[in-house]
Engineer: 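Just passing along the structure, written as C-alpha cells.
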Amino acid sequence: MNWWREFEANIQQDAPLAPLTWFRVGGCARFLFRPNSVSTLSLALQRAYHEGVPVRVLGAGANVLVSDAGFDGMVVKLNHPVFRTVSWQATTAQVGSGVDLMPFSRKCSERGLVGLECLAGVPATIGGAIRMNAGGSAGEIGAILRSVRLLRLDGMLETWPVDRLQLGYRTSAIGGCVIISGELVFDADDPIVVANRYETLFQQKQRTQPLADRSAGCIFKNPQGSKAGQLIDSAGLKGTRVGEAVVSTQHANFIVTSPHACASDILTLIELIQQRVAAVHGIRLQREIEVWEPVDQEALVA
C-alpha cells in the first residue's frame, strides 16, 4: 500500500510549486500536502518519515527558490483554517503557523501591541518568520517569542521554549520540524504611536526595496559589519542580468524577474554575485534565500 493512501483527499501529486512562490519559478513537488488537522499532519509525517520521503514546509513562498527540476518529496502547505487561528489572553497570543504575517502585524500595531511593527512589509507566514527569526534593523520576531508548538518529522508533538530554538541571525534550531503555532508576548503602548511606527517602517521599505516587482526578499545575509546590498552595489552589479533575472537597481540585495524567468537564471546570477563580491571585497556572501533541490538533504533533518 502506498504510504499516502489515507491522505489522498489532502494530497496533490506532481503539483506545480511556481504559482505558490514569489519568484513564480521552479518545478513540481512529488506530493503537495494540505492537512486539515494536526493529527492528520502528524500521521502523514510519521508515514513519510518511515518511508524516507523528504519533507519541506512552504509558507508564503517568499525567501524560497525551487529548482527547475522541482522537489522529489512532500511539501506541506498549512493554509487550512485550523492552522490560521489566533487566540488571545491579554497581550499574549497563540498564533497559528499559517497566519499571514503582514496583515497580522499591521492589526497588532493598530491595537497598540508592540513587537511586530519591525516586520512591516515582510512577506511570510508566522511559521516561516519564526523558523528564520525574521526581522531587520528595527528588530526580530524572536524578541517577542516565548515558545513554539511543533511536530517532529516522526510525528511527535512537542512544545519548545524560546531558548531551545537557538534563534540567531536568520536562523534557528528548528531544522526539519513543522511549526504548528507560536506564542507571542507583546507590550502595550499608545495605538496611534505604534501604528505610526509601523507605517513609517513600511513606507521606508516601499521607498528602498522593489516590493512591486517579482522578487523573494533579500537574497543574501548581511556579513558582520557590512550590508550585502552595499557590497553588491559597490561591486558594480546593479542591473546585472542573467537570462530573465536581474539585480535590482533599487536595492542590490534583491533579484527581480520577468514572467519568463527560470530558476537556473536566478541560481546563475546568485553565483555570479558571490564570485564578483568575493573578488572585489574578499567576502563570500551567504544565501539568505532557501534553495530547494530535487533531492534535498536538508529536508531530511529531523
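FYI, side chains are in, hydrogens and waters are out, and symmetry mates aren't considered; it's all heavy atoms of this structure. What you see is a predicted model; the values in this text were computed from it and never measured. Along the sequence shown, residues are numbered consecutively beginning with 1.
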Engineer: Might you work through the side-chain contact (heavy atoms from CB on, under 4.5 Å) test for W292 and R56, ending with a clear yes or no?
Structural biologist: CA-CA 9 Å; W292 291 9; R56 280 282 196 181; 3.6 Å; yes
Engineer: Other hydrophobic cluster members with V256, side-chain heavy atoms of Ile/Leu/Val/Met/Phe/Trp/Tyr under 4.5 Å, chained?
Structural biologist: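 Once heavy-atom contacts under 4.5 Å are chained together, V256 belongs with V246.
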Engineer: Roughly how far, to the nearest 0.5 Å, is CD1 of I174 from OG1 of T171?
Structural biologist: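 Going from OG1 on T171 over to CD1 on I174, the span is 9.0 Å.
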Engineer: Which value, rounded to the nearest 0.5 Å, describes the distance between L272 atom CG and T268 atom OG1?
Structural biologist: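 That separation rounds to 8.5 Å.
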Engineer: Determine yes or no for a side-chain-to-main-chain donor-acceptor pair under 3.5 angstrom, with D213 supplying the side chain and S215 the backbone.
Structural biologist: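 No.
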Engineer: With distance as the sole test, does S42 use its side chain to make a donor-acceptor pair with the main-chain N or O of V38 at under 3.5 Å?
Structural biologist: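 No, the answer is negative, given that no donor and acceptor are paired below the 3.5 Å cut-off.
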Engineer: What's the shortest heavy-atom distance between C218 and N63, and which atoms?
Structural biologist: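 Here C218 and N63 meet closest at O-OD1, 4.2 Å.
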Engineer: When hydrophobic residues are tied together by side-chain contacts of less than 4.5 Å, even through go-betweens, does I144 share a cluster with V86?
Structural biologist: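 Same hydrophobic cluster.
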Engineer: What are the two closest heavy atoms between R34 and L32, and how far apart are they?
Structural biologist: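 The answer is NH2-CD2, 3.6 Å.
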Engineer: Taking atom CD1 of I130 and atom CD of E140, what is their separation to the nearest 0.5 Å?
Structural biologist: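 Reported to 0.5 Å precision, the distance equals 13.0 Å.
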Engineer: CG/L58 to CG/L17 distance, rounded to the nearest 0.5 angstrom?
Structural biologist: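 CG of L17 is found 6.5 Å from CG of L58.
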Engineer: Return yes if some donor-acceptor pair links the side-chain N/O of Q250 with the main-chain N/O of Q209 below 3.5 Å, else return no.
Structural biologist: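 Yes, Q250 side chain to Q209 backbone: donor-acceptor pair under 3.5 Å.
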Engineer: I'd like to know if the side chain of N196 reaches the main chain of I192, judged simply by a donor and an acceptor atom lying under 3.5 Å from each other, with no hydrogens or angles considered.
Structural biologist: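 Yes: the side chain of N196 pairs with the backbone of I192.
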Engineer: Treating D189 as the side-chain partner and V114 as the backbone partner, does any N or O pair qualify as donor plus acceptor under 3.5 Å?
Structural biologist: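 Here the side-chain-to-backbone pair does not exist.
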Engineer: What pair of heavy atoms forms the shortest contact from A228 to K221, and how long is it?
Structural biologist: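 Looks like CB-O, 3.6 Å.
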Engineer: Please check this pair: side chain of N253 against backbone of F220, looking for a donor-acceptor N/O pair closer than 3.5 Å.
Structural biologist: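 Between the backbone of F220 and the side chain of N253 there is a qualifying donor-acceptor contact (under 3.5 Å).
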Engineer: Side-chain contact, heavy-atom cut-off 4.5 Å: T92 with E183?
Structural biologist: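 The answer is yes, as the side chains (C-beta and beyond) meet within the 4.5 Å cut-off.
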Engineer: Would you say that L45 contacts D154 through its side chain, given a criterion of any heavy-atom pair below 4.5 Å between the two side chains?
Structural biologist: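 Heavy-atom side-chain distance check fails, nothing below 4.5 Å.
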Engineer: Using the rule given for side-chain contact (heavy atoms from CB on, under 4.5 Å), can you reason through Y169 versus E288, listing the C-alpha separation, both sets of side-chain angles and the distance that settles it, and then say yes or no?
Structural biologist: CA-CA 10 Å; Y169 173 53; E288 180 173 314; 4.1 Å; yes
Engineer: Less than 3.5 Å apart, any donor N or O on the side chain of E244 or T257 sitting next to an acceptor on the other?
Structural biologist: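 No.
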Engineer: So which atom in C262 and which in D68 form the shortest heavy-atom distance, rounded to 0.1 Å?
Structural biologist: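 Heavy atoms only, the tightest pair is CB-OD1, 3.6 Å.
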Engineer: Are V247 and F254 in one and the same hydrophobic cluster, where Ile, Leu, Val, Met, Phe, Trp and Tyr link if side-chain heavy atoms are under 4.5 Å apart?
Structural biologist: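 Per the 4.5 Å side-chain linkage, V247 and F254 are not co-clustered.
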Engineer: What heavy-atom pair brings A129 and L101 nearest, and what distance separates the two atoms?
Structural biologist: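 Smallest heavy-atom distance, with atoms named: CB-CD2, 4.1 Å.
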Engineer: If you apply the rule side chain to side chain donor-acceptor pair (under 3.5 Å), what do you find for Q94 with S87, and how did you get there?
Structural biologist: CA-CA 5 Å; Q94 192 70 231; S87 59; 5.9 Å; no
Engineer: Find out whether V291 and V66 are in side-chain contact, i.e. whether some heavy atom of one side chain is under 4.5 Å from a heavy atom of the other.
Structural biologist: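 SC-SC contact between V291 and V66 ruled out.
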Engineer: Any donor and acceptor pair, going by atom type alone, linking the side chain of R214 with main-chain N or O of F23 inside 3.5 Å?
Structural biologist: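 Present.
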Engineer: How long is the straight-line distance from CG of L269 back to CD of Q274, given to the nearest 0.5 Å?
Structural biologist: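 If I round to the nearest 0.5 Å, the distance is 10.0 Å.
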Engineer: Are W160 and V95 co-members of a hydrophobic cluster defined by side-chain heavy atoms under 4.5 Å apart?
Structural biologist: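 Same hydrophobic cluster.
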Engineer: Indicate whether any N or O donor in one side chain lies under 3.5 Å from an N or O acceptor in the other, for S37 and T40.
Structural biologist: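 Their side chains do contain a donor-acceptor pair, which is all the 3.5 Å distance test asks for.
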Engineer: Would you say that V76 contacts L41 through its side chain, given a criterion of any heavy-atom pair below 4.5 Å between the two side chains?
Structural biologist: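 The answer is yes; the side chains approach within 4.5 Å.
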Engineer: Let's go through R84 and D100 carefully: what are the C-alpha distance in whole Å and the side-chain angles of both, what is the deciding distance for salt bridge (charged side-chain N to carboxylate O under 4.0 Å, His left out) to 0.1 Å, and is it a yes or a no?
Structural biologist: CA-CA 8 Å; R84 296 170 61 88; D100 289 329; 3.4 Å; yes
Engineer: Filter on ring-ring contact (aromatic ring centres under 6.0 Å, His included), then keep only pairs touching residues 175-215, sequence neighbours left out; what's left?
Structural biologist: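 For residues 175-215, and leaving out neighbouring residues, the ring-ring contact (aromatic ring centres under 6.0 Å, His included) pairs sorted by first residue read W88-F186.
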Engineer: Can you check whether Q46 reaches Y49 side chain to side chain, under 4.5 Å on heavy atoms?
Structural biologist: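 Result no, sub-4.5 Å side-chain heavy-atom pair not found.
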Engineer: Between I283 and P223, is there a side-chain heavy-atom distance shorter than 4.5 Å?
Structural biologist: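 A side-chain contact under 4.5 Å exists here.
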Engineer: Can you find a side-chain donor-acceptor pair between H281 and S226 that sits under 3.5 Å?
Structural biologist: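 Note: H281 and S226 side chains miss the donor-acceptor criterion.
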Engineer: Taking T21 for the side chain and V64 for the main chain, is one N or O donor matched with an acceptor at less than 3.5 Å?
Structural biologist: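 Looks like no, no N/O pair under 3.5 Å.
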Engineer: Would one find more than 12 heavy atoms of other residues, nucleotides or ligands at under 6.0 Å from atom CD of Q89?
Structural biologist: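 No, not enclosed.
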Engineer: Between the side chain of W3 and the main-chain N/O of H50, is any donor-acceptor distance below 3.5 Å?
Structural biologist: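 No, because the side chain of W3 does not come within donor-acceptor range (under 3.5 Å) of the backbone of H50.
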Engineer: Pick one: which of R284, R276, R287 meets salt bridge (Lys or Arg N to Asp or Glu O under 4.0 Å) with E271?
Structural biologist: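 Only one option passes, and that is R284.
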Engineer: May I ask you to test the K205-V122 pair for a side-chain heavy-atom distance under 4.5 Å?
Structural biologist: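 They are in contact (side-chain heavy atoms under 4.5 Å apart), so the answer is yes.
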Engineer: With a 4.5 Å cut-off on side-chain heavy atoms, are R106 and E117 touching?
Structural biologist: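 Answer no - side chains too far apart.
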Engineer: Once the angle between the rings of F31 and W4 is folded into 0 to 90°, is it parallel (under 30°), tilted (30 to 60°) or perpendicular (over 60°)?
Structural biologist: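 Tilted.
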Engineer: Evaluate V194 against L113 for side-chain contact (heavy atoms from CB on, under 4.5 Å), listing each step before the verdict.
Structural biologist: CA-CA 7 Å; V194 183; L113 299 174; over 6 Å; no
Engineer: Please list, chain by chain and in numerical order, all residues satisfying side chain to side chain contact (heavy atoms under 4.5 Å, CB included) with T159, sequence neighbours excluded.
Structural biologist: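 Only S147, R149 meet the side chain to side chain contact (heavy atoms under 4.5 Å, CB included) criterion with T159.
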Engineer: I255 and M132: same hydrophobic cluster, using ILVMFWY side-chain contacts below 4.5 Å?
Structural biologist: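 Different hydrophobic clusters.
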Engineer: Does K107, at its NZ atom, have more than 12 non-hydrogen atoms belonging to other residues, nucleotides or ligands within less than 6.0 Å?
Structural biologist: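 No.
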Engineer: Rounded to the nearest 0.5 Å, how far apart are CD1 of I11 and CD of Q13?
Structural biologist: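 One gets 7.5 Å once the value is rounded to the nearest 0.5 Å.
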Engineer: Which heavy atom of A62 sits nearest a heavy atom of P123, and at what distance?
Structural biologist: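 Closest heavy-atom pair between A62 and P123: CB-O, 3.5 Å.
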Engineer: Side chain of K77, backbone of F33: donor and acceptor closer than 3.5 Å?
Structural biologist: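 A pair under 3.5 Å: no.
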Engineer: Report the C-alpha distance between K238 and H251 in whole Å, list the side-chain angles of each, state the deciding distance to 0.1 Å, and finish with yes or no for side-chain contact (heavy atoms from CB on, under 4.5 Å).
Structural biologist: CA-CA 8 Å; K238 272 189 174 179; H251 192 308; over 6 Å; no
Engineer: Taking a hydrophobic cluster as the set of Ile, Leu, Val, Met, Phe, Trp and Tyr residues connected by side-chain heavy atoms closer than 4.5 Å, whether directly or through intermediates, do L237 and V242 fall within one such cluster?
Structural biologist: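 Yes.
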